[in-house]
**Student:** 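The structure that follows is given in the form of structure tokens.
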Amino acid sequence: MTKKFLTLVFGLWTLSLAAQSVTEQYIADWHEVAQSEMLEFGIPASITLAQGILESGSGQSKLAKEANNHFGIKCHLDWEGEKVYHDDDEDDECFRKYDQAEDSFRDHSKFLKERSRYAKLFELKSHDYKSWAKGLKKAGYATNPKYADLLIDLIERHKLHKYDVRAALKTNPPKEVPDPADLLVQESANKVDFVIARKGDTFESLAEYFNKRTEDLLEYNELRYDAKIEPGQIIYLQPKRRRAARENRYYTFVKGDDLYEISQRFAVRLEKIYQRNNIPVGETPKPGTRLELR
């Protein structure tokens, strides 16, 4: 491997990290505004954020910097505000200019809400980001044939769907749940998304919040169809992995431990723990047994 090639790889890696950092900062700066727009207009916060990231280059585009326009909204006949001109689908097209970037977010919400071609989107659930992304493309929001896929990829890569849940729970908390903000998507050391269940949560309600099937959540958590959720229980939103993270390669079994709880704690499939340690299914290891988790 040549020095020139290594330098190129390192440069590309550095650029990738820099782009990631810019995007994370954009999310930190604008997630509250996106949630506020969701509460007032019903547009998923994840969709607003993903569109902002994509359309404005995470706030770094010329249009975003010069005109505070984060969504590439063109002037159209009804625009009476300031204007700027940039090349887009055609040369020297007219785009809206805003005093503040927040005005761009509000105009984006009104733009979708007030135009009939987007009306069907508002019949969708506000946490169904996949249907919203596909609906935007179908309604002609963008010309890129992969526009929906790009939005969905951004949402899932940056876990933007958690902002949909936070916003939705502010207005429609499950019964008997004292603090709806507690239902936050977290990531295990093994890079698997999970939530901590609260009193009143069910697999059906969690499946609805996160736009997943109930049977998939049960499968991810290796539970039967009739399983009940207990407050404080780890509920994975993705499949657990075949092995633990490197720092959790081994675990020493102590009295009172349960293999299923260990599999949940380290996000490792229970069947793989049995197989890797040659333990018959259903048998409990003796205290002091060193378990191999990867």
**Student:** With no hydrogens and no angle check, is any side-chain donor or acceptor of Y274 less than 3.5 Å from a backbone partner on G282?
**Tutor:**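 Checking the backbone N and O of G282 against the side chain of Y274, a donor-acceptor pair under 3.5 Å is found.
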
**Student:** Write down the atom of A101, the atom of W30, and the distance for their closest heavy-atom approach.
**Tutor:**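 Taking A101 first and W30 second, the nearest heavy atoms are CB-CH2, 3.4 Å.
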
**Student:** For atom NZ of K212, is the number of surrounding heavy atoms from other residues, nucleotides or ligands below 6.0 Å larger than 12?
**Tutor:**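 Counting neighbours around NZ of K212, more than 12 heavy atoms of other residues, nucleotides or ligands fall under 6.0 Å, so yes.
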
**Student:** When you measure from the side chain of S131 to the backbone N and O of D128, does any donor-acceptor pair fall under 3.5 Å?
**Tutor:**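 No, because the side chain of S131 does not come within donor-acceptor range (under 3.5 Å) of the backbone of D128.
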
**Student:** Taking N68 for its side chain and D99 for its backbone only, find out whether a donor-acceptor pair lies under 3.5 Å.
**Tutor:**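 Yes, the answer is positive, given that a donor and an acceptor are paired below the 3.5 Å cut-off.
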
**Student:** Determine the interplanar angle of the F105 and F71 rings, folded into 0 to 90°, and report it as parallel if under 30°, tilted if 30 to 60°, perpendicular if over 60°.
**Tutor:**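 Judged by the thresholds at 30° and 60°, the geometry between F105 and F71 is perpendicular.
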
**Student:** Using a strict threshold of under 4.0 Å (side-chain N to carboxylate O), is an ion pair present between R224 and E219?
**Tutor:**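 No, no charged N to carboxylate O under 4.0 Å.
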
**Student:** Taking the six-membered ring for Trp and the full ring for Phe, Tyr or His, determine whether the centres of W79 and Y98 are under 6.0 Å apart.
**Tutor:**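 Ring centres of Y98 and W79 closer than 6.0 Å.
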
**Student:** If you take all heavy atoms of S109 and F41, which pair is closest and at what distance?
**Tutor:**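 Shortest heavy-atom separation between S109 and F41 comes out as CB-CD1, 3.5 Å.
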
**Student:** Heavy-atom distance under 4.5 Å between the side chains of E187 and F194, does that happen here?
**Tutor:**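 Contact flag for E187/F194 side chains = no.
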
**Student:** How far apart are the closest heavy atoms of A267 and N190, and which atoms are they?
**Tutor:**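 Here A267 and N190 meet closest at O-ND2, 3.0 Å.
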
**Student:** Between E82 and R96 (salt bridge meaning N to carboxylate O under 4.0 Å), is one present in this structure?
**Tutor:**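 No.
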
**Student:** What distance do R106 atom CZ and Q100 atom CD have between them, rounded to the nearest 0.5 Å?
**Tutor:**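 Going from CZ on R106 over to CD on Q100, the span is 12.5 Å.
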
**Student:** Measure from the side-chain N and O atoms of N248 to the backbone N and O of A245, and report whether any donor-acceptor pair falls under 3.5 Å.
**Tutor:**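 Checked: no pair found.
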
**Student:** Is the gap between the ring centers of Y251 and F266 under 6.0 Å?
**Tutor:**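 Yes, the ring centres sit under 6.0 Å apart.
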
**Student:** Assigning hydrophobic clusters by single linkage (Ile, Leu, Val, Met, Phe, Trp, Tyr; side-chain heavy-atom cutoff under 4.5 Å), is Y147 placed with I43?
**Tutor:**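 Yes, one cluster joins them.
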
**Student:** Could you check R269 against R241 for side chain to side chain contact (heavy atoms under 4.5 Å, CB included), going step by step and ending with a plain yes or no?
**Tutor:** CA-CA 6 Å; R269 286 160 54 185; R241 300 190 183 278; over 6 Å; no

**Student:** For the side chain of D149 and the backbone of K146, is there at least one donor-acceptor N/O pair under 3.5 Å apart?
**Tutor:**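 No: the side chain of D149 does not pair with the backbone of K146.
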
**Student:** Is the shortest side-chain N to carboxylate O distance from R243 to E292 below 4.0 Å?
**Tutor:**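 Salt bridge flag = no for E292 with R243.
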
**Student:** In terms of side-chain geometry, is the basic nitrogen of R198 or D201 positioned less than 4.0 Å from the acidic oxygen of its partner?
**Tutor:**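 Yes, R198 and D201 are salt-bridged.
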
**Student:** How far does CD1 of I73 sit from CG of L112, to the nearest 0.5 angstrom?
**Tutor:**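 Between atom CD1 of I73 and atom CG of L112 there are 7.5 Å.
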
**Student:** How close do C75 and K83 get, heavy atom to heavy atom, and via which atoms?
**Tutor:**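 Minimum heavy-atom separation between C75 and K83: SG-CG, 3.7 Å.
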
**Student:** Enter the distance from Y250:OH to L293:CG here, rounded to the nearest 0.5 Å.
**Tutor:**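 Separation between the atoms: 10.0 Å.
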
**Student:** Decide whether a cation-pi geometry holds between K113 and F122; the criteria are a distance under 6.0 Å from NZ or CZ to the six-membered ring centre and an angle within 45° of the ring axis.
**Tutor:**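 Yes, K113 sits over the ring of F122.
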
**Student:** Look up atom OH in Y220 and atom CD in E215, then write down how far apart they are to the nearest 0.5 Å.
**Tutor:**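 Output value for this atom pair is 10.0 Å.
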
**Student:** Show your working on side chain to side chain contact (heavy atoms under 4.5 Å, CB included) between Y209 and V195 and close with a plain yes or no.
**Tutor:** CA-CA 12 Å; Y209 290 144; V195 294; over 6 Å; no

**Student:** Say whether H70 and E55, considering side chains only, have a donor N or O and an acceptor N or O under 3.5 Å apart.
**Tutor:**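 No, because no side-chain N or O of H70 sits under 3.5 Å from a partner of the opposite role on E55.
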
**Student:** Working note: N69 + K97, criterion side chain to side chain contact (heavy atoms under 4.5 Å, CB included); need CA distance, chi angles, decisive distance, verdict.
**Tutor:** CA-CA 6 Å; N69 188 333; K97 182 178 181 180; over 6 Å; no

**Student:** Grouping I, L, V, M, F, W and Y whenever their side-chain heavy atoms are under 4.5 Å apart, do F111 and V84 come out in a common cluster?
**Tutor:**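 No, it is not one cluster - the side chains of F111 and V84 are not joined through contacts under 4.5 Å.
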
**Student:** Is there side-chain contact between P285 and I279, with heavy atoms separated by less than 4.5 Å?
**Tutor:**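 Contact flag for P285/I279 side chains = yes.
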
**Student:** I need the W132 CH2 to N211 CG distance, nearest 0.5 Å.
**Tutor:**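 It comes to 13.5 Å.
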
**Student:** So, E156 and Y129: side-chain donor and acceptor under 3.5 Å apart, yes or no?
**Tutor:**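 Note: E156 and Y129 side chains meet the donor-acceptor criterion.
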
**Student:** Under the 3.5 angstrom rule, does the side chain of S263 hit a backbone N or O of Y260 as a donor-acceptor pair?
**Tutor:**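 At least one qualifying donor-acceptor pair exists.
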
**Student:** Does either side chain, that of S61 or that of S56, offer a donor lying less than 3.5 Å from an acceptor on the other one?
**Tutor:**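 On atom types as modelled, these side chains do not qualify, holding no pair under 3.5 Å.
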
**Student:** Taking atom CD of E80 as the centre, does the number of heavy atoms from other residues, nucleotides or ligands within less than 6.0 Å exceed 12?
**Tutor:**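 Open: at most 12 neighbouring heavy atoms sit under 6.0 Å from CD of E80.
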
**Student:** When you compare the side chain of H86 with that of E93, does any pair of heavy atoms fall below 4.5 Å?
**Tutor:**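 Answer no - side chains too far apart.
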
**Student:** Could you state the interatomic distance from CD1 (I235) to CD (E230), rounded to the nearest 0.5 Å?
**Tutor:**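 Those atoms lie 10.0 Å apart.
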
**Student:** What closest approach, in Å, do T252 and D257 show between heavy atoms, and which atom pair accounts for it?
**Tutor:**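 Reported closest heavy-atom pair: O-OD2, 4.1 Å.
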
**Student:** Would you say E24 and H158 are linked by a side-chain donor-acceptor pair, where the criterion is simply a distance under 3.5 Å?
**Tutor:**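 A pair is found: one side chain offers a donor N or O, the other an acceptor, under 3.5 Å apart.
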
**Student:** Can you hop from L63 to Y26 via hydrophobic side chains spaced under 4.5 Å?
**Tutor:**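 L63 does not cluster with Y26.
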
**Student:** Please say whether more than 12 non-hydrogen atoms of neighbouring residues, nucleotides or ligands are located less than 6.0 Å from CD in E32.
**Tutor:**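 No - once you tally the heavy atoms of other residues, nucleotides and ligands closer than 6.0 Å, there are 12 at most.
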
**Student:** Will you find, in the side chains of E37 and T48, an N or O donor that is under 3.5 Å from an N or O acceptor?
**Tutor:**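 Note: E37 and T48 side chains miss the donor-acceptor criterion.
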
**Student:** Using salt bridge (Lys or Arg N to Asp or Glu O under 4.0 Å) as the criterion, list what pairs up with D216, not counting sequence neighbours.
**Tutor:**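 D216: salt bridge (Lys or Arg N to Asp or Glu O under 4.0 Å) contacts with R213.
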
**Student:** Just by distance, no angles: are the side chains of Q264 and N221 close enough, under 3.5 Å, to form a donor-acceptor pair?
**Tutor:**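 Yes.
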
**Student:** Is the shortest side-chain heavy-atom distance between F253 and L259 below 4.5 Å?
**Tutor:**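 Yes, side chains in contact.
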
**Student:** Could you go step by step and tell me if K240 and E222 meet the salt bridge (charged side-chain N to carboxylate O under 4.0 Å, His left out) rule?
**Tutor:** CA-CA 9 Å; K240 291 185 287 186; E222 299 179 277; 2.6 Å; yes

**Student:** Work out which heavy atom in Y85 is nearest to a heavy atom in C94; give both atom names and the distance.
**Tutor:**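 Shortest heavy-atom separation between Y85 and C94 comes out as CE2-CB, 3.6 Å.
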
**Student:** Do D153 and L151 come close enough that some side-chain heavy atom pair is under 4.5 Å?
**Tutor:**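 D153 does not reach L151 side chain to side chain.
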
**Student:** Under 4.5 Å between any side-chain heavy atoms of I27 and T23, yes or no?
**Tutor:**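 Yes; the side chains approach each other to less than 4.5 Å.
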
**Student:** Any side-chain heavy atom of V22 sitting closer than 4.5 Å to one from S58?
**Tutor:**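 The answer is yes, as the side chains (C-beta and beyond) meet within the 4.5 Å cut-off.
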
**Student:** Would you please test I155 and L49 for side chain to side chain contact (heavy atoms under 4.5 Å, CB included) and show each step?
**Tutor:** CA-CA 8 Å; I155 290 169; L49 286 169; over 6 Å; no

**Student:** Could you tell me whether the side chain of T289 reaches within less than 4.5 Å of the side chain of K286, counting heavy atoms only?
**Tutor:**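 Yes, close enough: below the 4.5 Å cut-off.
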
**Student:** Indicate yes or no for a side-chain donor-acceptor contact from Q238 to the backbone of D193 under 3.5 Å, with no hydrogens or angles considered.
**Tutor:**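 Between the backbone of D193 and the side chain of Q238 there is a qualifying donor-acceptor contact (under 3.5 Å).
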
**Student:** Can you establish whether the number of heavy atoms outside R242 located under 6.0 Å from its atom CZ is more than 12?
**Tutor:**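 It does not: R242 CZ has 12 such atoms or fewer within range.
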
